[in-house]
Amino acid sequence: MTSVTLKNLCKAYDDVLISNNINLVVKEGELVVFVGPSGCGKSTLLRCIAGLEDITSGDLYIGDQRMNDVEPSKRGVGMVFQSYALYPHLNLYDNMSFGLKLAKADKAEIEKRVSHTAEILQLGHLLERYPKMLSGGQRQRVAIGRTLVSEPNVFLLDEPLSNLDAALRVNMRSEITKLQRRLGCTMIYVTHDQVEAMTMADKIVVLDAGSVAQMGRPLELYHYPINRFVAGFIGSPKMNFISVKISEVEDNQVMVQLSSGETFWIQVEGETVNKGDRMSLGIRPEHLLNAQDAQVTIAGDVQMVEKLGNETQIYLHLDDADADVIFRAPDTITVEIGSKFHIGLTAHRCHLFHSDGRACRRLHREDGVDYDRMLEEM
Ligand SMILES: Nc1ncnc2c1ncn2[C@@H]1O[C@H](COP(=O)(O)OP(=O)(O)OP(=O)(O)O)[C@@H](O)[C@H]1O
Ligand SMILES: [Mg+2]
C-alpha cells in the first residue's frame, strides 16, 4: 500500500503559514501533478512528504502508516530536487548508483539498473563525467536517473524537466509516464508546464497561496474550473475575462449584457445569480470565433500579433467591453496591428464567475459533447 494521504496538513516557517490545511489523497499507482504560481508552496509540500521539512500540524500517511516522525530514508520515497543536488566529487555513474550501493544492492543489479536508466535518459555516453562537466539539462537528467534507479514506492519530482530543450522534454515526458505505468509506483510531479500537467496527470492539484484551489482530472479542470483562479491558471494562453452585467435571470439561464449593451443568454444554474449582478465572463482564446460564425460579435483593436506557424494569436483591446483578450486562430493569418478585428462568442463556450471568483455551474453545452457522461467515465 503506497498511497499518500495528507490530512489537514499545515506547514509554517516561524509564524508564516506556507501550506494551509491541505487535504488530499494520491492513490496507489496514481500520477498526480501539482501546479500553481511560483511561491505557492509546491516544493514545500514535496519536502514535507519526503521528510526534509517538519510538518507543523496535521497528518501525513504513506500507505497506512503515519509518517510525520519517520526518518526520510525509511519512508520509501525518492525525490528529484528542483536544484538537482548532485554530488560534485562523484562521476555520473557513481552519482546514480550511490543510493543502491548504500543499500548494499548486488553489483550486477546496480550495473543493470544504472545502464538501463542511463539509456532511457540518453546519458549512456557520459557515465564517466563529473557534474561540472555536464550541461544543465544533462545534470537534470542525472538527478532523475539517481532517483529512478532506486525504484522507490513513491516518486516525488520537482520540475524535473525544466532545463531541457523542447524535443528532449517531450521525449522525457513520455519516458517518465511509461516508466511510472510500468513500475506501478505512486508519483507526485511538480511542473509549470501546462502540456506536461494535462498529458501526464491522472489528477491535477492546483495550489493557490498554500491552499488546494481544486483537484481533479485534467479535462475536469479545463471544462469545469471551480473558480476564476483555476480558470485562469489551467490553459495557455490563459482564459479571457470580460466584465458583464446580469440583465435577466431564469431558472436555468441568465442574460448577460456586455458594455456595448448587447445581450445573450447563458445556461447556468440561475438561482444563485441576481438581476443586476456584476459578473466576470470567461472565454478561452481557442473558443473565440470568427465573427461570421458566432452568436454575438465584438469589435477590437489589434495590439499585437504572434504568428506561431500552426496558429496565430491576436491580442485585442475591446473598446466596448474595456477588456484585453487573446484570440487564437488556427493556421497563419495576416492581420495588421492597429486595424479593427471582429471576434465572436457563443454562449455554450462561456464561463461565468461571481465577483468573489466562484464559478457558476454551467448546465448544457451544445457542442455535441456530453460532459457529464465524460466526467462520470473518468
Ligand atoms: N526555509 C524557508 N524559510 C522560510 N520561508 C521559506 C523557506 N522555504 C520556502 N519558503 C517560502 O515558502 C513559500 C513557498 O515556497 P516553495 O519553494 O514551496 O514554492 P514553490 O511553489 O515551489 O515555488 P516555485 O514554483 O518558484 O518553485 C515561498 O514564499 C518561500 O519563500
Ligand atoms: Mg518549487
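Whatever order the structure lists them in is the order used to number ligands and atoms, beginning at 1. Keep in mind the model is a prediction, meaning the values are calculated, not measured.
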Taking the six-membered ring of [Y], is the NZ or CZ of [X] close enough (under 6.0 Å from the centre) and on axis enough (within 45°)?
{"X": "R358", "Y": "F353", "answer": "no"}
{"X": "R47", "Y": "F81", "answer": "no"}
{"X": "K101", "Y": "F98", "answer": "no"}
{"X": "R129", "Y": "Y93", "answer": "no"}

Taking atom types as modelled and ignoring hydrogens, do the side chains of [X] and [Y] form a donor-acceptor contact shorter than 3.5 angstrom?
{"X": "Q140", "Y": "Q138", "answer": "no"}
{"X": "T191", "Y": "E196", "answer": "yes"}
{"X": "H348", "Y": "Q267", "answer": "no"}

One pair per line, please: each N/O atom of ligand 1 matched with every protein N/O atom under 3.5 Å away, atom names first, then the distance to 0.1 Å.
residue	atom	partner	partner atom	Å
ligand 1	18 (O)	S43	N	3.4
ligand 1	18 (O)	T44	N	2.9
ligand 1	18 (O)	T44	OG1	2.5
ligand 1	21 (O)	C40	N	3.3
ligand 1	21 (O)	G41	N	3.0
ligand 1	21 (O)	K42	N	2.9
ligand 1	21 (O)	K42	NZ	2.9
ligand 1	22 (O)	S43	N	3.0
ligand 1	22 (O)	S43	OG	2.8
ligand 1	23 (O)	G39	N	2.8
ligand 1	25 (O)	K42	NZ	2.8
ligand 1	25 (O)	H192	NE2	2.8
ligand 1	26 (O)	S38	OG	2.4
ligand 1	27 (O)	Q82	OE1	3.2
ligand 1	27 (O)	Q82	NE2	2.9

Next item on the list: Could you grab the distance from atom CG of L308 to atom CG of D331, nearest 0.5 Å is fine?
Entry: 11.5 Å
Margin query: Checking the side chain of R328 only, and the main-chain atoms of Q313 only, is there a donor and an acceptor separated by less than 3.5 Å?
Written below: no
Notebook entry, point to check: Near the Mg ion (ligand 2), which protein N/O/S atoms are found at less than 2.8 Å?
Noted result: S43 OG, Q82 OE1
